[in-house]
Amino acid sequence: MLRLLSATPSPYARKVRIALAEKGIPFELATEVPWDSTTQTPRHNPLEKLPVLIFEDGTSVYESRFILEVIEARWPESPLVPADPWQRLDARKVEVIADGICDALVLLFWERRRAPEHQSAEWIARQRRKVDGGLRELARIAADRDWVVGERFGLADIATGTVLRYLDVRFPEHPWRSLHPNLVALSARLEARPSFAATVPVPQVIADKVV
Ligand SMILES: N[C@@H](CCC(=O)N[C@@H](CS(=O)(=O)O)C(=O)NCC(=O)O)C(=O)O
């Protein structure tokens with residue numbers, strides 16, 4: 001059985017979970033805390049990050065954008081990327097922006113886990129700018145369209161929907177809902193999909209000292 005190493009808050013893993021669900025591909029969900037010494041993630045990814053997609057023969061694929069490319073190549077039915085090559089690049093650009101916002105949110109989360117006297121205000125401000133700028137660009141691209149890119153649900157919606165809900169987990173005080181009402185409407189539509197409803201992110205308990 002196909003296996004996915006995942007974590008309850010992970011927006012990157014949520015993209016893969018949603019894609020597999022939307023394509024009807026069965027898999028075993030292995031929920032980990034990659035920050036704890038007990039995690040099996042390093043056994044399957046030398047970069048020690050999840051999500052990791054593990055095939056029955058033990059081969060592993062990691063880095064969510066690449067995992068999604070592998071899934072699209074291996075199971076092309078119900079495509080999640082547009083057929084038009086330029087629209088496909090637009091969708092992948094949206095994923096780059098969404099993942100980049102998530103990356104900034106992860107860095108922000110860990111900076112705030114440091115003792116107050118060790119937190120860098122400059123570093124926090126820099127990550128905050130990336131979150132705000134990325135959200136502005138996603139709001140500009142999405143506008144009031146039914147789907148973020150193209151004429152149907154796909155990768156760009158998965159990436160945008162996951163970062164918006166991840167904000168609630170890692171940066172609940174961020175005013176994105178008042179700043180970008182079009183993203184609020186988009187998020188509500190996406191979260192109503194069964195693949196989203198089944199994968200709502202929640203914080204995890206991290207037992208080990210990480211920073
Ligand atoms: N670019 C990677 C990012 C993955 C990532 O940062 N995963 C985190 C977990 S989570 O933030 O998604 O919940 C991780 O495994 N971190 C462990 C580590 O960085 O050592 C992807 O898209 O897959």
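Counting starts at 1 for both ligands and their atoms, following the listed order. Keep in mind that the numbers below use all heavy atoms, side chains included, and drop hydrogens, waters and symmetry copies.
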Taking NZ, NE, NH1 and NH2 as the nitrogens, is one of them in Glu22 or Arg193 under 4.0 Å from a carboxylate oxygen of the other? yes
(request) For Arg129, look at atom CZ and say whether over 12 heavy atoms of other residues, nucleotides or ligands are found less than 6.0 Å away. (result) yes
All N/O donor-acceptor pairs, side-chain side in residues 200-209, below 3.5 Å, sequence neighbours left out:
from	atom 1	to	atom 2	distance (Å)
Asp208	OD2	Ser37	N	2.7
Asp208	OD2	Ser37	OG	3.2
Lys209	NZ	Val211	O	2.5

Side chains of Glu111 and Gln127: any donor to acceptor distance under 3.5 Å? no
Taking atom types as modelled and ignoring hydrogens, do the side chains of Lys23 and Ser78 form a donor-acceptor contact shorter than 3.5 angstrom?
no
Near ligand 1 (heavy atom, under 4.0 angstrom), the protein residues are Ser10, Tyr12, Pro34, Trp35, Glu48, Lys49, Leu50, Pro51, Glu63, Ser64, Val106
- Query: Is the Phe153 ring parallel, tilted or perpendicular to the Phe196 ring (thresholds 30°, 60°)?
  - Reply: perpendicular
